[in-house]
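Presented below is the structure to which this report refers.
Chain A is the first sequence line, chain B the second, and so forth, proteins listed ahead of strands; every chain is numbered from 1.
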There are 2 protein chains.
Amino acid sequence: MLPVPGLDYGLLDGLLGYALRRAQNALYLDFYRATAEWDISPPRFAALVLIARNPGLRQGLLGQAMGLHRSGALRLTDWLNAQGWVERRDAPDDARSWGLHLTPAGKRLLAKLEAAVAEHDRALVRALGDQGPALQTALERLARVATAAPIN
Amino acid sequence: MLPVPGLDYGLLDGLLGYALRRAQNALYLDFYRATAEWDISPPRFAALVLIARNPGLRQGLLGQAMGLHRSGALRLTDWLNAQGWVERRDAPDDARSWGLHLTPAGKRLLAKLEAAVAEHDRALVRALGDQGPALQTALERLARVATAAPIN
DNA sequence: TATTGTTATACTCTATAACTATA
DNA sequence: TATAGTTATAGAGTATAACAATA
């Protein structure tokens with residue numbers, strides 16, 4: 001998605017939103033390179049981390065954290081479960097809910113994934129030099145600002 | 001996708017890639033709010049701008065600019081054509097190719113869209129205050145760095 | 001032989017709506 | 001009556017593979 005020489009991008013060139021889109025596209029490609037040996041994606045990775053750090057997490061809360069509808073959290077959980085990485089156990093306090101947990105295989109996988117993803121991210125921040133930390137701060141601010149203050 | 005209080009995000013909290021994802025998610029929602037009266041999306045909007053600024057643009061080059069496969073550029077063009085916003089004309093120099101052009105209706109639509117999107121983007125930059133311009137520069141750098149230097 | 005666009009197909013991500021079981 | 005999860009379905013976005021026409 002890098003700029004094609006000779007093409008006029010008009011308004012797009014000045015838009016913060018378009019710069020963000022380009023950056024995210026590039027990072028997606030990088031993420032897939034860094035995790036090529038597993039059948040993983042950014043949402044799948046995020047779900048594994050969240051379940052690992054919050055054992056017994058309910059499906060609905062996983063969806064909320066990831067900005068997904070209930071049905072999306074269901075499909076994601078189904079897939080992770082089919083891979084043998086996540087299991088559903090009865091939630092102790094609510095018979096309607098599941099508590100999600102990593103399986104031993106899921107924990108082993110996540111350890112490798114986290115190492116690969118963290119290294120990948122550190123290399124990016126290094127490549128950005130002194131702009132790296134400021135970028136992260138500004139992005140977090142942007143996420144809050146955009147969500148909190150719908151413009152139109 | 002904002003942080004859920006009480007939830008442990010582990011590694012995710014420190015990742016540049018995750019901050020980027022949160023920011024993009026928020027901007028997507030904002031984009032849809034800003035363009036709610038038309039059935040538009042960021043890729044559709046970008047395609048309209050590119051075709052408007054580069055009349056006679058071939059489908060393949062549109063795909064390249066947007067990071068799409070040929071078949072994706074085809075579907076996108078089909079859709080814009082079905083809305084009556086884009087038309088395919090024979091390319092003068094290559095009988096295999098189409099030259100893409102906006103219709104009068106497409107031009108009228110784009111004028112309104114550009115106004116809405118530009119206003120939305122300006123409001124975002126304003127909300128970021130003095131971090132705004134630096135963020136855009138850093139994002140453009142990030143897109144180049146990530147694409148140019150695959151990490152793993 | 002390579003390229004442009006097309007067709008057919010499929011998978012991921014995500015949503016809506018209607019449903020069941022439980023609170 | 002509201003909530004958690006499920007089922008069925010659909011649509012956007014994107015890909016691969018095989019194909020026709022043209023270069």
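Nearest nucleotide to the side chain of R58(A), out of dC13(C), dG5(D), dG13(D): dG5(D).
Within the structure, salt bridge (charged side-chain N to carboxylate O under 4.0 Å, His left out) pairs that include any residue of residues 130-143 of chain A do not occur (at least two apart or interchain). Counting only residues at least two apart or on different chains, the side-chain hydrogen bond (donor to acceptor under 3.5 Å, both in side chains) pairs with a member in residues 17-27 of chain A are R21(A)-Y28(B). Residue pairs that meet the ring-ring contact (aromatic ring centres under 6.0 Å, His included) test with at least one member in residues 70-95 of chain B, sequence neighbours left out, are W79(B)-W85(B). Evaluation of the side-chain hydrogen bond (donor to acceptor under 3.5 Å, both in side chains) test over residues 41-62 of chain B, restricted to residues two or more places apart or in two chains, returns D8(A)-R53(B), Q59(B)-R88(B).
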Problem set entry | Residue pair D78(B), N81(B): steps toward the side chain to side chain contact (heavy atoms under 4.5 Å, CB included) verdict | CA-CA 5 Å; D78(B) 274 355; N81(B) 177 254; 5.6 Å; no
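Here the C1' atom of nucleotide dT14(C) and the CD atom of Q59(A) are 15 Å apart, to the nearest Å. Note: CH2 (W79(A)) to P (dT14(C)) measures 14 Å, nearest angstrom. Rounded to an integer number of Å, the gap from OH of Y32(A) to P of dT14(D) is 12 Å. In this structure, L61(B) places its CG atom 15 Å from P of dT3(C), rounding to the nearest Å. The nearest whole Å value for the distance from the CD atom in Q83(B) to the C1' atom in dG11(D) is 14 Å. Distance CE (M66(A)) to C1' (dT14(C)): 12 Å, rounded to an integer number of Å. Atom CG of L100(B) is separated from atom P of dG5(C) by 8 Å (rounded to the nearest Å). For the pair Q64(A) CD and dT14(C) C1', the computed distance is 17 Å after rounding to whole Å.
Of the two residues near DNA chain C, R88(B) and P42(A), the one whose nearest nucleotide lies more 5' is R88(B). Mapped onto DNA chain D by nearest heavy atom, P43(B) and D78(A) fall at different nucleotides, with D78(A) at the one closer to the 5' end.
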Exercise. Which letter, B, S or -, goes with each nucleotide of nucleotides 15-23 of chain C from 5' to 3', with contact meaning a protein heavy atom under 4.0 Å?
Worked result: BB-B--BBS
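Taking a 4.0 Å limit (strictly below) on heavy-atom distances, residues 19-29 of chain B does not reach DNA chain D anywhere.
Within the structure, a side-chain polar atom (N or O) of W98(B) is placed less than 4.0 Å from OP1 or OP2 of dT6(C).
Partners of E114(A) under the side chain to side chain contact (heavy atoms under 4.5 Å, CB included) rule, at least two apart in sequence or in another chain, are F45(A), V49(A), L110(A), L11(B). Checked against side chain to side chain contact (heavy atoms under 4.5 Å, CB included), A47(A) has the following partners two or more places apart in sequence or in another chain: L62(A), M66(A), L76(A), L80(A). Shown here are the salt bridge (Lys or Arg N to Asp or Glu O under 4.0 Å) partners of R126(B), two or more places apart in sequence or in another chain: E119(B).
Electrostatic pairing of D30(A) and R33(A) counts as a salt bridge here, judged by a charged N lying under 4.0 Å from a carboxylate O.
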